[in-house]
Amino acid sequence: MRISREVGLAESIDFTTSGAFMIVFDRLWVTMEKQGISTYKLREWSGIDSRTIRRLRANENIETNTLDKLCTALSCQLEDIAEYKADVL
């Protein structure tokens, strides 16, 4: 099934292409380093498990409540831990 969104008169973006749009968590590791927080401490403070840490490292999908837990544990904003990157086709 092809899903597309109209961008202009003759151009559309195909959302079926894997990797076209991505949320990356590179900023999470930078924020943790700045605050001197290890993944162990983060797991303890936020209540997330090691599987979620693995998913974050791999930039895989996570639930929004996990983002809330991370921001609360790190006393930061969402933009301090995640970034939207568009891989322009």
When rounded to the nearest 0.5 angstrom, what is the spacing between NZ in Lys34 and SG in Cys76?
11.0 Å

In terms of heavy-atom contacts, does CZ of Arg51 have more than 12 from other residues, nucleotides or ligands at under 6.0 Å?
no

Check whether more than 12 heavy atoms from other residues, nucleotides or ligands sit under 6.0 Å from atom CG of Asn61, and answer yes or no.
no

Looking only at heavy atoms, which two atoms of Trp45 and Ala73 are closest? And how far apart?
CE3-O, 3.9 Å

Closest non-hydrogen atom pair between Phe25 and Glu60, with its separation:
CE1-O, 3.8 Å

Lys85 and Asp26: which non-hydrogen atoms are nearest, and at how many Å?
NZ-OD2, 4.3 Å

Could you measure the distance from the OG1 atom of Thr39 to the CD atom of Glu44? Nearest 0.5 Å is fine.
10.5 Å

Any heavy-atom pair between the side chains of Ile81 and Leu56 that's under 4.5 Å?
no

Within one Ile-Leu-Val-Met-Phe-Trp-Tyr cluster: Leu42 and Val30, side-chain cutoff 4.5 Å
no

Side chain to side chain donor-acceptor pair (under 3.5 Å) partners of Thr52, counting only residues at least two apart:
Asp49

Nearest heavy-atom pair of Asp80 and Thr31: which atoms, and what distance?
O-OG1, 2.6 Å

Treat each ILVMFWY residue as a node, draw an edge where side-chain heavy atoms are under 4.5 Å apart, and state whether Ile48 and Tyr40 are in one component.
no

Say you draw a straight line from CG of Leu67 to OG of Ser46; how long is it, rounded to the nearest 0.5 Å?
11.0 Å

Mind checking side chain to side chain donor-acceptor pair (under 3.5 Å) for Asn59 and listing every partner two or more places apart, or none if nothing turns up?
none

Which atom of Cys71 lies closest to which atom of Gln77, heavy atoms considered
SG-C, 3.7 Å

Going from CD on Glu83 to CG on Leu78, what distance comes out if it is rounded to the nearest 0.5 angstrom?
11.0 Å

Minimum heavy-atom distance between Arg55 and Ile62, given as atom pair plus value
CB-CG2, 4.2 Å

Counting neighbours of CD on Glu79 that are heavy atoms of other residues, nucleotides or ligands and sit closer than 6.0 Å, is the number greater than 12?
yes

